[in-house]
Structures are given as structure tokens and as C-alpha cells.
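See below for the structure under consideration.
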Amino acid sequence: MANHALMANAIRALAMDAVQQANSGHPGAPMGMADMAVALWGEHLRYNPANPHWFDRDRFVLSNGHASMLLYSVLHLTGYDLPIGELKNFRQLHSKTAGHPEVDVTPGVETTTGPLGQGITNAVGFALAEKLLAAEFNRKDHDVVDHHTYAFLGDGCMMEGISHEACALAGAWHLNKLIALYDDNGISIDGQVKPWYIDNVAERFHAYGWHVIGPIDGNDAAEVSKAIAKAKQSTDKPTLINCKTVIGKGSPNRAGTAKAHGEALGAEEIKLTRDAIDWHYPAFEIPAEVYADWDHKEAGAKTEAAWNDKFAAYAAAFPELAAEFTRRMKGELPKDFHQVAFDTVVAAHTKAETVASRKASQLALEAFTAALPEMLGGSADLTGSNLTNTKSTAALRFDSKTGAVVRTEPTEQHPEGQIGRHINYGVREFGMAAIMNGVSLHGGYIPYGGTFLTFSDYSRNAIRMAALMKRRVVHVFTHDSIGLGEDGPTHQSIEHAASLRLIPNLDVWRPGDTAETAVAWAVALQNQSRPTALLLSRQNIAYAAKSELGDISRGAYVLSEPEAVGLKNKKTMAVIIATGSEVQLAIAAQKLLADKKIAVRVVSMPSTTTFDRQDLAYKKAVLPKKLPRIAVEMGCTGGWWKYGCAAVVGIDTYGESAPAPELFKYFGFTAENVAATVEAALRD
């Protein structure tokens, strides 16, 4: 029989030793949650330390990521490729034990956590993906998708507003395989939380449609284990287990205090703690019998082998389904994707429609969602404005009584009906963004979701986390400028495009017509290691005539040379760079300047972030060094000066409430003003 007390104390010792050696970190939460970890990892979690990525493993999310030494300790003890030397290098440069857990850095870490509330929201995304994949791929007697998602979270996660958004959706979606263990220790950085956190957590989660277990003694591994076993029996609701714990448990002078939260205990207190918990071993030394109790390599191998046998039987019975499942879990696009993308872009070019780029996005989505069953869309209560729904993506719904995924009516092509692939997130932009991160991390789906560009501020930290984690998530941001008109400055984006372009590893596209929009979608879907933001107009945009389409995917290309407006033998004098709806202004200005025998090149730059990654030769070919450059974009001007612009036609104030045409004239977004700006630049 495993010795639960010794197993928990091993976590406590490693946590306080690592934080002490680093002189940085959070020992209190790992020490307080150690018994919870013993119960979950020792008796319930399905995992294989030798293969952290086998598909049907249970997912674990440490939402209170500052407690990272809890997770690192468990990963080391159970047999993952995380040697004791990495724990000794906690929080040091290039170690696998960063201050907060990072996916793809530490084996066994499922998501990057740290910003509180996002971890539990990622967990909702994990659980949603599991439920949808099970509904899509499982067949009678062949449950190849059948795992739980577990999350530890603390008071900070509970207080962050995003947890309200996500947990309400988890209840609405009946995510019965989501089990959250709440570390209810009553302490945060500023001390006892009672003066500022008085939520009745049980009633709150009951209202969301969750099962609630507890409060229980979170420092009793056996009691926690019984609660987890009970939670696993749920067939229609997620479960919250309220675990009452003592932060810094075992420390004679720091336990139960804010002092235990975010600083090393100190050598003297660590010595006293070792005596108090009867742990008489040097720093970072774990006795063999404790390693033996924790070791999960053999059990994990058996668990994975059993699933491999199950999947082999599934593949024999349903070879096409198995192949499709394998493809999607690898994140690979269908073999015919490039042809689909080519056909979609060419069709847009051939039709040359005058539509808003949000509509151009929907037109591209019609083709892509029909060809890619893994595309899982949604909108934050703006479906009719974002146009993220298509004929192939019915609304996702769940049976109010059983919680089962509702299928569409049977058809000849789909005799069992289909699951919905368009999610109504409600007015929950931040929750939507972080849930999409969880869906992407889980695998099997490519999530995309829409809202207005000005509300990207609500989503920003989750967008940043997607970029940090290098995950394929697509954000559809419509109503991208003062062009939305009467809604006024609260809804008119000014700084948002520039702000999003500052996020490393985020691709930002502001396409100027249907072909550019189709290319933007094609590139986004191929971006396996970066998220994408599409900035789309509400107002119609005329199609820009093009001689070829190949360079659009490079982020910027020469759209129109002087000969296109009758100046065949005239030397080019300047370059106008434009994005989105302003490409048409640039073309109109080019014609006005041609009437004055001023030859200019028009460059469409739908993605500055993509163009910035191109080789120097291509950049010079598009933007010749000796020619003055004038940028045109209905947003703040700051980001354009890096291109050596002589002038920028932009807007560095907030907008106004008025019809769009009036606003364009008022703020100088006219062909005449762009032409005048070019002339002024040439005179200087």
C-alpha cells in the first residue's frame, strides 16, 4: 500500500527546497495541495510518463500556475523525463522548470498557465473538445475517445472574471468529464481573502449547472480520492470539489499565512518544517520507497497499451474513421487542402465581388468549412455581424436533460446527422478566446471565433497566450475601423490593429478584397504554430484588379504600377502602402496623381507581420529604397514609421458617431487627401 503521507511530504520538501534554492517562487500552494495531488495522480489520473502525448490520456491543468513546483514535483516523481537536476534549476535560464508551467517545454504540461483564470478556461476547452470528438468518432462498443479533464484552481482563479464566463459555459454544455478541484485556503497575496472575497462558491457553481462536492478536507488524500471517484460518476454535469486546505501546510510559522504564498520559507523555517513533517532527508533527496510509491511508468504503459489495442480494433472495424481521427489529432490538413485553397482564391478573383471583407470571410469559410470538418467556429453573440456561420456549421447544441450533443437531421450524406460546429459563446469574448486555446491544445479541431475588433481588448491576454504557446487559433475581428459609422468611438477601432501587431508570433491580416481574404484564411489554416487575427470591414470594398495572386500570401505585394493608369514610360516617384478598405483609396489616389503626371506604385500590405518575415530581396523589390513611401490605414499611425514612410494618412484620435462617408471625409480618408499627402511628401 502506498504511504500517502510520505508521498505528499515529498512534494512539500521538493517545493520548499526548489523555491529556497531559486530564492524565488511560491511554496505555499504546492505544500497545501500536496494531498490533493496524491489522490489525483496516485489513484485516478490516466497517464503514461513515457509518452506524455498518447491521445486518450486524462488532461490535467494547473490553473493556479504559480504552484508550478507541485506539478514539477509530481512529474518528476511519477517518472516523466524531468530529472532532479531540472528541479534544482527551478526558475533558471533554459531549464524545463520555468516559474509558471509552459506547454512544449516541460513534458507532461498540457497548457501554459500563470495568468489566473485562464487555466480553468483552457480546461473547459479541453473538455469540450473531448465531448465533441467522442460524439463524432465513437461507435457502439468502440469508445476510443473517453477521458477526463482535471483542473486545480485557487481563489485567484475564482476571482478573475474569466472563470465566470468559462464555468457558466461548462454548465450549459454539460461537460460531465470536467472535474475541478478548488484549493480553498482562504489566502491570497494581500492576506486573508474574507474582506474582499465573500462569494458563496457552492451556490455560484450550482447556479452554473455544476455538481458541487464538499467542502471536504483537502489535506486528506483518502477523502479527496473518494470525492474524485464520485465526480467521475457524473453523466450530465461538470463537478467542482471544494477542498479546504492549509496554505504552506507543514510549516510551523508560515502555514495558513500570506507569507507562505510567494516567497522562500528560509533556511531556518525549512529545517523546522522538516522536523514537523518528519522528513529527515537532505534537500532534493527522495528515499527509494517514496519513488516506488509514486512511480507510474509500468501502470501508465499498461493503460496506454490497452487503449492502443482498443484503437486497433476500432481501426479494423472503421478504417476510414480511424484514418480521419489520426489525421486530425496530428493537426494535419486534408491532402486536397491546397487545391481547395487554390480554387477558393481563384473563384474570389474571378467573381471580383464588391462586398465587405467580413462577407468575403464568410464566402471563404463556406469553402473551407465544407472541406475541413475540424473547423469549429463561433461568435461572442455577434454571429449575424461577424458572419462566422456557414451552411456546413450548424449551431452546436446539447440536450437539456441528458447533456448529450444534439445532431442535425439525417441526410443521405450523413445518415446519423452531424454535430453542430458553430458555437454561441454569448457575450464572453475573453472566455471564448481562452476556450479556443484549450480546444486547440487538446487537438482534433481548429477553433475560430468572432467579435468586433474593438473588443479584442477583452480577449487580448488569451490571444497573447495562444501566441506564446504557438497554437493555431483564428480570431475573426469585424467592424475594423471608423467605417462602421454611427456606433461611434466606443466601437470604432483606432489603436487595435497596431496593438495586435505588437504581439510576437501573432499573424495579423487586414485584407482589402475577397481574394486577399481567402488567402488570409488559407494561410491562417496552415499556420500550425501561430494564431491569426483577421481584421475585417463592415462596409463594402470594391475588388482590386490583379495581374497575379501568388504574392498575396507573402503579406504585401505590388498591386498596381504606374502603367496601369496610363503612365507606361514614366519613372515611379513614390509608393503608396495601404491595407484593407484603404487599398481602394490608394488606387483612386494613384489615378488622381497620374492626371498630374506623377507616377506612383500601389502596394497592398494585408499582413505586416507576414511581410516582415520575408527575405530582404523581396522586401526591397516591393518597397524600393529610394522611393518615398506613404502609408494609408484607418488606424493609429505609430506602427508605420518602421517602413521608412515619409507620411502616414491615419487617425490618432478617437472617432465620431456619424455615417461612414461623412467620417471618411471628416478624418481625411479621401483619394484627394491621399494624393495631396503624396505630393507634399515629394516636395519635402
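Nothing fancy with the numbering, it's 1 onward along the sequence.
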Any donor and acceptor pair, going by atom type alone, linking the side chain of Thr388 with main-chain N or O of Gly378 inside 3.5 Å? yes
As a test of understanding, state which of Asp507, Asn505, Thr610 forms a side-chain hydrogen bond (donor to acceptor under 3.5 Å, both in side chains) with Asn527. Asp507
How about Met158 and Phe205: do any of their side-chain heavy atoms sit closer than 4.5 Å? yes
Would you please test Asn424 and Arg397 for side chain to side chain contact (heavy atoms under 4.5 Å, CB included) and show each step? CA-CA 9 Å; Asn424 300 103; Arg397 295 290 183 263; 2.8 Å; yes
Which heavy atom in Ser234 sits nearest to a heavy atom in His211, and how many Å separate them? OG-CD2, 3.2 Å
When Glu136 is tested against each of Lys131, Arg328, Arg407 for salt bridge (Lys or Arg N to Asp or Glu O under 4.0 Å), which residue passes? Arg328
Decide whether Thr390 and Thr369 meet the rule of one side-chain donor and one side-chain acceptor closer than 3.5 Å. yes
Side-chain donor/acceptor of Thr121 to backbone N/O of Ala166, under 3.5 Å: no
Hey, are the side chains of Leu525 and Ile446 touching, using non-hydrogen atoms and a 4.5 Å cut-off? yes
Between Asn185 and Asp155, is the side chain to side chain contact (heavy atoms under 4.5 Å, CB included) condition met? List the steps. CA-CA 8 Å; Asn185 61 44; Asp155 287 318; 3.8 Å; yes
Asn437 backbone acceptor or donor facing Ser440 side chain under 3.5 Å: no
For His442 and Arg59, which heavy atoms make the closest approach, and how far apart are they? O-NH2, 3.4 Å
Any side-chain heavy atom of Gln526 sitting closer than 4.5 Å to one from Phe337? yes
Look at Glu223 together with Lys226 and state whether they make a salt bridge at an N to O cut-off of under 4.0 Å. no
Aromatic ring pairing Trp307/Phe55, orientation class (parallel under 30°, perpendicular over 60°, tilted between): tilted
Set out, in order, the CA-CA distance, both residues' side-chain angles and the distance that settles side-chain hydrogen bond (donor to acceptor under 3.5 Å, both in side chains) for Thr383 and Asn389, then state yes or no. CA-CA 7 Å; Thr383 300; Asn389 57 330; 5.9 Å; no
Taking atom NZ as the centre, does Lys302 end up with more than 12 heavy-atom neighbours from other residues, nucleotides or ligands that are less than 6.0 angstrom away? no
Phe325 ring center within less than 6.0 Å of Phe318 ring center: no
So how far is it from Ile120 CD1 to His164 NE2, rounded to the nearest 0.5 Å? 12.5 Å
Is Lys96 close to Tyr72 at the side-chain level, that is, under 4.5 Å between some pair of heavy atoms? no
Testing Glu304, His147, His148, Arg57 for side chain to side chain contact (heavy atoms under 4.5 Å, CB included) with Arg46, which one passes? His147
For Phe152 and Phe60, take the angle between the two ring planes, folded into 0 to 90°, and tell me which bin it lands in: parallel under 30, tilted 30 to 60, perpendicular over 60. perpendicular
Are Lys230 and Gln233 close enough, and set up right, to give a side-chain hydrogen bond (donor to acceptor under 3.5 Å, both in side chains), and what steps lead you there? CA-CA 5 Å; Lys230 183 178 179 182; Gln233 296 173 9; over 6 Å; no
Nearest atoms (heavy-atom pairs only) where Thr239 meets Ala231: CG2-CB, 3.5 Å
Check whether any side-chain heavy atom of Pro52 lies under 4.5 Å from a side-chain heavy atom of Glu110, and answer yes or no. no
Heavy atoms, side chains only, cut-off 4.5 Å: are Leu363 and Glu366 in contact? no
For the pair Tyr47 (side chain) and Trp41 (backbone), establish whether a donor and an acceptor sit closer than 3.5 Å, ignoring hydrogens and angles. yes
Using a 4.5 Å cut-off on heavy atoms from C-beta on, say whether the side chain of Leu333 contacts that of Leu372. yes
Ring geometry between His142 and Tyr314 (parallel below 30°, tilted from 30 to 60°, perpendicular above 60°): tilted
Heavy atoms of Pro101 and Gly65 approach each other most closely as CD-O, 3.2 Å
In short, Ser499 meets Arg460 closest at the heavy-atom pair OG-NH1, 2.6 Å
Between atom NE2 of His479 and atom OG of Ser385, what is the distance when rounded to the nearest 0.5 Å? 4.5 Å
For Asn64 and Ala67, indicate whether the former's side chain and the latter's backbone hold a donor-acceptor pair under 3.5 Å. no
Closer than 3.5 angstrom, by distance alone: can the side chain of Thr411 be matched with the main-chain N or O of His414 as a donor-acceptor pair? yes
Report the distance from atom OG1 of Thr517 to atom CG of Leu534, rounding to the nearest 0.5 Å. 8.0 Å
Does Thr478 reach the main-chain N or O of Leu536 with its side chain, forming a donor-acceptor pair under 3.5 Å? no
Is the backbone of Ala466 close enough, under 3.5 Å, to the side chain of Arg471 for a donor and an acceptor to pair up by distance? no
Donor-acceptor pair, distance only, cut-off 3.5 Å: does the side chain of Asp399 make one with the backbone of Lys401? yes
Under the criterion side-chain hydrogen bond (donor to acceptor under 3.5 Å, both in side chains), I'd like the reasoning laid out for Ser379 against Asn386: C-alpha separation, chi angles, the key distance, then a yes or no. CA-CA 7 Å; Ser379 172; Asn386 302 146; 2.7 Å; yes
Compare all side-chain heavy atoms of Val476 with those of Arg358 and state whether any distance is below 4.5 angstrom. no
So Tyr448 and Trp521, would you call those rings parallel, tilted or perpendicular, with 30° and 60° as cut-offs? perpendicular
Answer yes when Arg510 and Asp480 have at least one side-chain N-carboxylate O distance shorter than 4.0 Å, and no when they do not. yes
Any idea which heavy atoms bring Ala533 and Leu500 closest together, and the distance? CB-CD1, 4.4 Å
Nearest-0.5 Å distance, CG of residue Leu132 to OH of residue Tyr445: 4.5 Å
Would you give the length of the straight line joining atom CD of Gln118 to atom OG1 of Thr112, rounded to the nearest 0.5 angstrom? 10.5 Å
So that I know where these two stand, are Phe477 and Phe455 an aromatic pair - ring centroids less than 6.0 Å apart? no
Arg530 and Thr609: CA distance, side-chain angles, deciding distance, side-chain hydrogen bond (donor to acceptor under 3.5 Å, both in side chains) verdict: CA-CA 12 Å; Arg530 69 177 81 242; Thr609 54; over 6 Å; no
Under the 3.5 angstrom rule, does the side chain of Asp236 hit a backbone N or O of Gly403 as a donor-acceptor pair? no
Could you walk me through whether Ile216 and Ile241 pass the side chain to side chain contact (heavy atoms under 4.5 Å, CB included) test, one step at a time? CA-CA 8 Å; Ile216 64 169; Ile241 303 174; 3.7 Å; yes
At what distance, to the nearest 0.5 angstrom, does CG of Asp146 lie from CG of Asp58? 9.0 Å
Please report the C-alpha distance between Arg327 and Lys335 in whole Å, then the side-chain angles of each, then the deciding distance to 0.1 Å, and finally whether the side chain to side chain contact (heavy atoms under 4.5 Å, CB included) criterion is met. CA-CA 10 Å; Arg327 174 189 73 79; Lys335 291 181 179 179; over 6 Å; no
